There are 2 protein chains.
Amino acid sequence: MGRLDRSLINSLPLFAGIAPADLDKILESATSRRIAKDGFVFEQGGEATSFFVLLDGRVRVVKTTPDGQQVIVRYIVPGEVLGIAQALGRNTYPASAIAVVDCVVLAWPGRQWPEFAAAFPSFGTNTYKMIGQRLDDVQTQVVEMATEQVERRVAHALLRLTQQTGKKSSEGILIDFPISRQDIAEMTGTTLHTVSRLLTAWEQKGLVKSARQQVTIVAPHRLLLLAEGRLDKD
Amino acid sequence: MGRLDRSLINSLPLFAGIAPADLDKILESATSRRIAKDGFVFEQGGEATSFFVLLDGRVRVVKTTPDGQQVIVRYIVPGEVLGIAQALGRNTYPASAIAVVDCVVLAWPGRQWPEFAAAFPSFGTNTYKMIGQRLDDVQTQVVEMATEQVERRVAHALLRLTQQTGKKSSEGILIDFPISRQDIAEMTGTTLHTVSRLLTAWEQKGLVKSARQQVTIVAPHRLLLLAEGRLDKD
DNA sequence: CGAGGAGTTGACGTTGGTCAATAAATGTGG
DNA sequence: CCACATTTATTGACCAACGTCAACTCCTCG
């Protein structure tokens with residue numbers, strides 16, 4: 001089996017402060033895995049056998065309700081961990097993770113997590129810092145959903161995506177993976193129809209440009225004003 | 001200063017698996033504090049100097065938006081930790097914690113958290129398990145807010161409260177602390193008017209009984225059916 | 001070239017928010 | 001202990017936001 005080079009991970013925040021020799025040791029128990037577009041990294045309810053680091057691609061984390069409705073909890077970009085159920089004492093995945101494009105992940109056996117955390121304290125600290133960040137993110141999302149109406153929620157969602165995966169283009173900031181109106185609706189608790197109407201309205205005002213599975217933020221600052229409810233209506 | 005007895009904490013899940021002698025050591029750096037009704041345990045944005053365990057009373061954790069709207073993130077009952085910002089690498093509290101009734105808390109200096117976690121591994125594990133549970137709770141809440149309409153959200157909120165703080169009474173299960181229509185609205189992202197209308201409608205159907213700052217669930221099972229959307233309309 | 005997925009747009013209806021008036025309960029000061 | 005202020009709750013009237021339904025277009029892929 002091909003040996004994994006520590007250059008794959010040595011610049012990731014998760015592994016900050018770990019000696020090169022230790023990184024090699026950590027990598028010994030990792031396997032790399034390719035996930036084709038639309039494939040599952042893991043499935044909601046499935047036994048949490050592994051945890052992962054995304055090396056390349058984009059992953060969508062989705063919760064499905066008993067009656068089949070889906071909510072996109074977050075998008076994962078390269079360098080982030082996913083499937084950390086065991087770090088939190090769970091033995092089943094609370095959501096599904098789906099490759100938005102072809103992806104490469106590193107996978108570790110879940111039961112190795114406690115060993116790593118014990119052997120490399122900064123590994124534990126870094127993970128929990130990240131979990132703290134996520135807890136905060138999702139609480140902020142609850143507040144948004146409770147207090148803002150749809151237009152502002154969608155604006156916030158797009159702005160968050162540009163922060164995470166924005167790519168400068170000639171026209172503005174491009175959200176750098178295929179994303180449909182339906183996806184945006186599932187991030188914000190609305191319908192694809194409403195998202196479609198919003199995007200065309202915004203396009204007419206010169207805030208965004210959109211195409212099939214693609215959104216570019218043309219005027220991020222004005223969109224932020226709108227998201228914050230401080231933009232004059234017209 | 002009065003010595004704290006380990007019987008205060010030795011039955012709490014957070015301290016499960018820690019030797020009695022160690023509990024005494026942990027208690028040495030704790031101080032107990034009384035918080036009068038409506039007083040703050042800590043305030044959103046304030047420097048995270050301490051973390052707490054609630055010994056008695058009820059605490060409401062609230063996030064306030066820049067424009068002054070409030071969202072109740074969760075209620076804390078005796079035995080639970082709160083203000084664990086530092087365990088997650090934060091140095092400022094992300095929300096405010098307010099005593100719903102007169103409360104007693106134990107407080108530790110925040111910087112002691114890493115020491116405890118290092119010295120007593122089960123302490124760290126237990127905390128992170130609890131954080132994992134909370135992360136899951138709040139994600140579930142996002143899903144609810146995204147997919148359910150108000151009536152079901154309010155029903156779910158009340159049911160969750162009965163799980164947490166329900167007290168059997170002659171009429172049903174009483175939510176055992178003062179809670180206003182406004183509070184319920186802030187938990188579910190609606191208005192006190194809508195909550196009021198729902199409660200009177202439910203009272204007529206015999207699902208609940210309510211009074212000023214008080215709600216009793218009379219028919220939990222039927223309310224659950226309603227929350228799950230499996231109750232016939234009438 | 002045909003089929004299926006993604007997007008747009010109009011018409012319409014409902015949920016639930018806003019506004020306003022009133023009532024009931026609780027607290028406070030004289 | 002009573003009068004008055006304040007907080008909490010109720011209820012009606014109205015209406016806007018946004019979801020639902022439906023028809024149609026445009027890509028993209030096989």
Side-chain angles (χ1 to χ4, degrees), chain A residues 36-38 60 67-72 98 100-102 144-155 157-158 175 177-205 208-216 226 229 233, chain B residues 36-38 60 67-72 98 100-102 144-158 175 177-204 208-216 226 229 233:
Chain A
K37 178 174 175 175
D38 296 329
R60 178 170 81 228
D67 58 316
Q69 293 188 85
Q70 298 200 331
V71 174
I72 297 179
I98 300 164
V100 175
V101 296
D102 290 349
E144 274 183 20
M145 304 257 291
T147 63
E148 298 177 358
Q149 48 197 56
V150 171
E151 184 172 42
R152 293 179 53 185
R153 294 209 302 271
V154 173
L158 291 185
I175 293 172
F177 57 87
I179 184 168
S180 68
R181 310 292 184 264
Q182 175 70 33
D183 292 331
I184 298 173
E186 287 178 6
M187 295 181 70
T188 52
T190 180
T191 62
L192 74 165
H193 309 280
T194 298
V195 173
S196 177
R197 286 187 247 262
L198 285 173
L199 287 180
T200 55
W202 290 348
E203 186 142 8
Q204 271 156 22
K205 293 201 219 162
V208 305
K209 284 207 98 191
S210 71
R212 191 192 179 83
Q213 310 231 68
Q214 212 190 65
V215 179
T216 304
L226 191 155
K233 292 272 165 208
Chain B
K37 179 176 174 172
D38 297 329
R60 177 170 82 228
D67 58 316
Q69 292 189 84
Q70 298 199 333
V71 174
I72 297 179
I98 300 164
V100 175
V101 296
D102 291 350
E144 273 183 20
M145 304 257 292
T147 63
E148 296 177 359
Q149 48 196 58
V150 171
E151 184 172 42
R152 294 178 53 186
R153 294 208 303 271
V154 173
H156 269 133
L158 292 184
I175 293 172
F177 57 86
I179 184 168
S180 68
R181 310 292 183 264
Q182 175 71 32
D183 292 330
I184 297 173
E186 287 178 5
M187 295 181 70
T188 52
T190 180
T191 62
L192 73 165
H193 309 280
T194 298
V195 172
S196 176
R197 287 187 246 262
L198 285 173
L199 287 181
T200 53
W202 290 347
E203 188 141 8
Q204 271 155 22
V208 305
K209 285 208 99 193
S210 70
R212 189 191 179 85
Q213 311 231 70
Q214 211 190 68
V215 180
T216 304
L226 191 155
K233 292 274 166 210

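Residue numbering restarts at 1 for every chain, and letters A, B, ... go by the order of the sequence lines. Worth saying up front: this structure is predicted, and the values here are computed from it rather than measured.
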- Query: Does any non-hydrogen side-chain atom of Ile72(B) lie less than 4.5 Å from one of Arg60(B)?
  - Reply: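 Arg60(B) reaches Ile72(B) side chain to side chain.
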
- Query: Under 4.0 Å between a side-chain N/O of Thr190(B) and OP1 or OP2 of dG16(C), yes or no?
  - Reply: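 For dG16(C), OP1/OP2 do not have a side-chain N/O of Thr190(B) under 4.0 Å.
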
- Task: Using distance alone, with no hydrogens and no angle criterion, decide if Arg212(B) and Ser180(B) have a side-chain donor and acceptor under 3.5 Å apart.
- Result: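 On atom types as modelled, these side chains do not qualify, holding no pair under 3.5 Å.
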
Roughly, in whole Å, what's the span from [atom1] in [X] to [atom2] in [N]?
X         : N       : atom1 : atom2 : answer
Glu148(A) : dG16(C) : CD    : C1'   : 18 Å
Met145(A) : dG17(C) : CE    : P     : 14 Å
Gln149(B) : dG17(C) : CD    : P     : 11 Å
Gln69(B)  : dG17(C) : CD    : P     : 12 Å
Leu198(B) : dG16(C) : CG    : P     : 8 Å

Can you measure from [atom1] ([X]) to [atom2] ([Y]) and round to the nearest 0.5 angstrom?
X         : Y         : atom1 : atom2 : value
Arg153(B) : Glu148(B) : CZ    : CD    : 8.0 Å
Thr194(A) : Glu151(A) : OG1   : CD    : 11.0 Å
Leu158(B) : Met187(B) : CG    : CE    : 8.0 Å

- Begin from the C-alpha positions of Arg181(A) and Ser210(A) and carry the test side chain to side chain donor-acceptor pair (under 3.5 Å) through to its verdict. CA-CA 10 Å; Arg181(A) 310 292 184 264; Ser210(A) 71; 3.2 Å; yes

- Note on the structure: A correct 5'-to-3' footprint of nucleotides 4-13 of chain D, with B, S and - meaning base, sugar-phosphate only and no protein heavy atom under 4.0 Å, is ---BBSBBBB

